[in-house]
Structure formats: structure tokens, C-alpha cells
Amino acid sequence: MRINLPNEMAELVRAKVATGEYATESEVIRDGLRTLVARDKAMEAWLRDQVVPAAKALQADPSRRRTSEQVRGHLAKKRAHINQTEA
């Protein structure tokens, strides 16, 4: 298999090998692909385990919905509380 990379990415791959972090350019690419797979799995798990149940809960009980202003206000209060406890 042959792949073409932009010059900046090719230099990054070569630099990883030159520093000894990886033995070959193929190892750099394989590690990058493993990272991509792990990210995709994490995203799928987040969607399945958190987003879908939250969406279903809102469908079941629309009174739980919040406006963007309500969410911003809640986050601002949390941030202020955290700042107070850190001071």
C-alpha cells in the first residue's frame, strides 16, 4: 500500500523516527491509526451511553428541557462557586 502525505505530515512522521520514538515510518502510521480507532470507539460509546439516553429522557419528559440561557446561567453559577472555593 502506498499513501501520500502533505509535506508537513511527512516531516512529522520522519521526525518521530529520527528521535527514536518509533523504529519505522510504518509504526508511526500504525500508531496513528490505532489512536483514530480508539477515538472513534470512545465517540460511539459516548453517543450510545450518554447522548442517546439523554435524548430519550427529554422525549419522555419535555419539562426537563432547558434553554441556552438557562444552561449558561447554570454554568456561570458553577464557575463562580469553583472560583470561590479555589480562592
Side-chain angles (χ1 to χ4, degrees):
M1 175 183 290
R2 296 189 89 151
I3 60 170
N4 295 313
L5 296 173
N7 289 335
E8 300 83 26
M9 288 183 168
E11 282 302 316
L12 176 62
V13 170
R14 285 193 276 280
K16 294 285 186 182
V17 175
T19 63
E21 190 173 345
Y22 293 89
T24 67
E25 294 169 347
S26 292
E27 284 184 13
V28 178
I29 300 302
R30 282 193 296 272
D31 195 36
L33 290 172
R34 281 191 291 271
T35 301
L36 180 61
V37 168
R39 186 199 69 184
D40 289 350
K41 285 182 180 181
M43 179 66 75
E44 289 172 15
W46 174 71
L47 289 169
R48 180 187 62 247
D49 299 340
Q50 295 183 23
V51 174
V52 170
K56 287 181 179 179
L58 284 176
Q59 285 177 334
D61 183 7
S63 69
R64 297 178 65 192
R65 290 190 175 124
R66 300 293 177 257
T67 66
S68 58
E69 292 80 19
Q70 289 171 318
V71 172
R72 283 189 199 104
H74 175 74
L75 292 174
K77 286 179 186 177
K78 284 183 84 168
R79 194 169 35 252
H81 177 73
I82 289 170
N83 289 341
Q84 285 177 348
T85 58
E86 289 178 350

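Only a predicted model underlies this, so the values are computations on that prediction, with no experimental measurement involved.
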Next on the checklist: Using a 4.5 Å cut-off between side-chain heavy atoms of Ile, Leu, Val, Met, Phe, Trp and Tyr, which other residues end up in the same hydrophobic cluster as Leu12?
Outcome noted: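 Once heavy-atom contacts under 4.5 Å are chained together, Leu12 still belongs with nothing else.
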Next on the checklist: Suppose clustering is done on Ile, Leu, Val, Met, Phe, Trp and Tyr with side-chain heavy atoms closer than 4.5 Å. Which residues sit in the same group as Leu75?
Outcome noted: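 ILVMFWY cluster around Leu75 also holds Val71.
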Item to check | Considering all heavy atoms, the nearest Glu25-Val17 contact | outcome: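 The answer is N-CG2, 3.5 Å.
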Next on the checklist: Quick check: closest heavy atoms across Ala57 and Arg64, and the distance to 0.1 Å?
Outcome noted: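 Between these two residues, the closest heavy atoms are CB-NH1, 3.0 Å.
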Roughly how far apart are [X] [atom1] and [Y] [atom2], rounded to 0.5 Å?
X     : Y     : atom1 : atom2 : value
Glu11 : Leu5  : CD    : CG    : 11.0 Å
Met1  : Ile29 : CE    : CD1   : 11.0 Å
Arg30 : Glu27 : CZ    : CD    : 5.5 Å

Next on the checklist: Is there a side-chain contact between Lys78 and His74 in this structure, where contact means two heavy atoms from C-beta onward sitting under 4.5 Å apart?
Outcome noted: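 They are in contact (side-chain heavy atoms under 4.5 Å apart), so the answer is yes.
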Item to check | Student check: side-chain heavy atoms of Arg39 and Thr35 closer than 4.5 Å | outcome: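 Heavy-atom side-chain distance check fails, nothing below 4.5 Å.
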Checklist entry - Should we say atom CG of Asn83 is surrounded by more than 12 heavy atoms from elsewhere, each under 6.0 Å from it? => result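 Check passes, neighbour count above 12.
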Checklist entry - Shared ILVMFWY cluster between Val52 and Trp46, side chains joined below 4.5 angstrom? => result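 No, no single cluster joins them.
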Checklist entry - Is there a path of hydrophobic side-chain contacts, each under 4.5 Å between heavy atoms of I, L, V, M, F, W or Y residues, that connects Met9 with Ile3? => result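 Yes, Met9 and Ile3 fall within the same hydrophobic cluster.
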Checklist entry - For Lys41 and Glu44, what are the C-alpha separation, side-chain angles and deciding distance, and is it a salt bridge (Lys or Arg N to Asp or Glu O under 4.0 Å)? => result CA-CA 5 Å; Lys41 285 182 180 181; Glu44 289 172 15; over 6 Å; no
Checklist entry - By side chain to side chain contact (heavy atoms under 4.5 Å, CB included), which residues pair with Gln84, not counting sequence neighbours? => result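 For Gln84, no residue satisfies side chain to side chain contact (heavy atoms under 4.5 Å, CB included) once neighbours in sequence are set aside.
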